[in-house]
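Input: a single structure, listed below in structure tokens.
When a residue number appears, it is its place in the shown sequence, counting from 1. Computed from a predicted structure; not experimentally measured.
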Amino acid sequence: MTTGVVQEWWDGIAKVRAAIDELPFILGLGDGTLDRDAFLWFLAQDALYLRAFARALSEASRLAPTTDEAEFWEYCAKDANAGELELHESWLGAGTTFDAAPNLTTRAYTRHLDAAAATGSYLELIAALLPCFWIYYDVGVRLLARSFVGHPYASWLDTYSDPSFEALNSRAVAVVSERAGEASDAERDLMKAAFDASARHELEFFAAPLKH
């Protein structure tokens, strides 16, 4: 999908990605044996996360140095608020989607994104945003191969392996790759730290439903 420094970041979180693959939540999501209450709990927390994610995307749009990138991040913000949340509302109900209280894992991840947005650094922020695109697509496309007729969580598998989500992920990877390639060493170090932290938050987020 990409080469260069961002591919090195992706390769550098191989252990984190492998740990995600081995989580009981992910294994159960893939084969359909996941407890329904755990899935609903996850979606309720994910809805709260997506609201913060959309805010961070909008801030990336505001900070973007080009119109093209600004329009892309704003489109992603709207997709998070509308497209992805349609899945959550279909399970949780439109009137109760945001009723849950955020748990410690959700708070930690959203505060990480808020902090990245608060730096005023476009580069750091988009690096922090990228794992949510990339890891969700990576997980979704591989779990889709395990889907079957009547799979209880097919709607989740379909959402995050859909070609439209693949296109958003590919574009996000491309934007961050280009900007990382142009960044100074110091800026690139900050980008990598933000990317790595988000990846670790993704692992904790997927682990949380069966720990709470």
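- Note on Leu190: it does not cluster hydrophobically with Val175, by side-chain heavy-atom contacts below 4.5 Å among ILVMFWY residues.
- With hydrogens and angles left out, the side-chain atoms of Ser155 and Asp158 include no donor and acceptor closer than 3.5 Å.
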Practice item. Could you go through the side chain to side chain contact (heavy atoms under 4.5 Å, CB included) check for His151 and Phe148 one step at a time? Key: CA-CA 5 Å; His151 193 296; Phe148 51 85; 3.4 Å; yes
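- Across every non-hydrogen atom of Ala183 and Leu123, the tightest pair is CB-CD1, 4.0 Å.
- A heavy-atom distance below 4.5 Å is not found between the side chains of Thr110 and Arg51.
- At least one donor-acceptor pair under 3.5 Å links the side chain of Gln45 to the backbone N or O of Asn103.
- Not a single donor-acceptor pair under 3.5 Å links the side chain of Glu74 to the backbone N or O of Ala60.
- Here the closest heavy-atom approach between residue Ala127 and residue Trp9 is recorded as CB-CZ3, 4.3 Å.
- Ion pairing between Asp196 and Arg200 fails under the 4.0 Å rule for side-chain N and carboxylate O.
- A donor and an acceptor atom, one from each side chain of Glu204 and Thr105, are nowhere located under 3.5 Å apart.
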Exercise for review: Start with the C-alpha gap between Thr159 and Phe165, add the side-chain angles, then the distance that decides, and say whether side chain to side chain contact (heavy atoms under 4.5 Å, CB included) holds.
Suggested key: CA-CA 7 Å; Thr159 295; Phe165 190 69; over 6 Å; no
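- Phe205 has its ring centre no less than 6.0 Å from the ring centre of Phe25.
- Taken to the nearest 0.5 Å, the CZ atom of Arg55 stands 5.0 Å off from the CG atom of Asp114.
- When hydrophobic clusters are built by joining Ile, Leu, Val, Met, Phe, Trp and Tyr residues whose side-chain heavy atoms come closer than 4.5 Å, directly or via intermediates, Leu57 is grouped together with Tyr75.
- Counting heavy atoms from C-beta on, the side chains of Val173 and Trp134 come closer than 4.5 Å.
- Going from atom CG of Leu48 over to atom OG1 of Thr106 covers 6.5 Å, rounded to the nearest 0.5 Å.
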Practice item. Determine, step by step, whether Trp10 and Arg17 satisfy the side chain to side chain contact (heavy atoms under 4.5 Å, CB included) criterion, reporting the C-alpha distance in whole Å, the side-chain angles of both residues, the deciding distance to 0.1 Å, and the verdict. Key: CA-CA 9 Å; Trp10 182 251; Arg17 293 188 284 114; 3.3 Å; yes
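- Atom NE2 of His88 and atom CG of Leu50 lie 5.0 Å apart (nearest 0.5 Å).
- Residues Ala64 and Ala70 share a closest heavy-atom pair of CB-N, 3.5 Å.
- Side-chain contact of Tyr109 with Glu202: a donor-acceptor pair under 3.5 Å is present, judged by distance alone.
- Here the closest non-hydrogen pair linking Cys76 and Leu168 is SG-CD2, 4.1 Å.
- We find the CD1-CD distance between Ile126 and Glu178 to be 9.5 Å, quoted to the nearest 0.5 Å.
- We find the CG-OH distance between Leu29 and Tyr160 to be 11.0 Å, quoted to the nearest 0.5 Å.
- Ring-plane geometry between Phe206 and Phe42 is classed as parallel, the angle between the planes falling under 30 degrees on a 0 to 90 degree scale with a further cut at 60.
- One finds the CG atom of Leu130 at 7.5 Å from the OG atom of Ser177 (value rounded to the nearest 0.5 Å).
- Between Arg188 and Asp185 there is a salt bridge, since at least one side-chain N of the basic residue sits less than 4.0 Å from a carboxylate O of the acidic one.
- Under a hydrophobic-cluster definition in which Ile, Leu, Val, Met, Phe, Trp and Tyr are linked whenever side-chain heavy atoms come within less than 4.5 Å, directly or via other members, Leu113 and Phe98 are assigned to the same cluster.
- The main-chain N or O of Arg179 is never found under 3.5 Å from a side-chain atom of Tyr122 such that the two would form a donor-acceptor pair.
- In terms of modelled atom types and a separation under 3.5 Å, the side chain of Thr96 and the main chain of Asp99 share no donor-acceptor contact.
- Asp68 and Thr66 are not linked by any side-chain donor-acceptor pair at a separation below 3.5 angstrom, with hydrogens and angles left out of the test.
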Practice item. In sequence, state the C-alpha distance, the side-chain angles, and the governing distance for Arg171 and Trp73, and then conclude on side chain to side chain contact (heavy atoms under 4.5 Å, CB included). Key: CA-CA 10 Å; Arg171 176 62 176 145; Trp73 298 120; over 6 Å; no
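- For the pair Ser198 (side chain) and Phe195 (backbone), a donor-acceptor distance under 3.5 Å is absent.
- The backbone N or O of Asp138 lies less than 3.5 Å from a partner atom in the side chain of Arg142, making a donor-acceptor pair.
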Review point. Going through the checks in order, is the salt bridge (Lys or Arg N to Asp or Glu O under 4.0 Å) test met by Asp189 and Lys192?
Key: CA-CA 5 Å; Asp189 286 345; Lys192 182 180 185 300; over 6 Å; no
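- Trp156 approaches Tyr136 most closely through the heavy-atom pair CZ2-CE2, 3.8 Å.
- When the side chains of ILVMFWY residues are joined at heavy-atom separations under 4.5 Å, either directly or via intervening members, Leu23 and Trp41 end up in two distinct hydrophobic clusters.
- Closest of all the heavy-atom pairs between Leu143 and Gly30 is CD2-CA, 3.8 Å.
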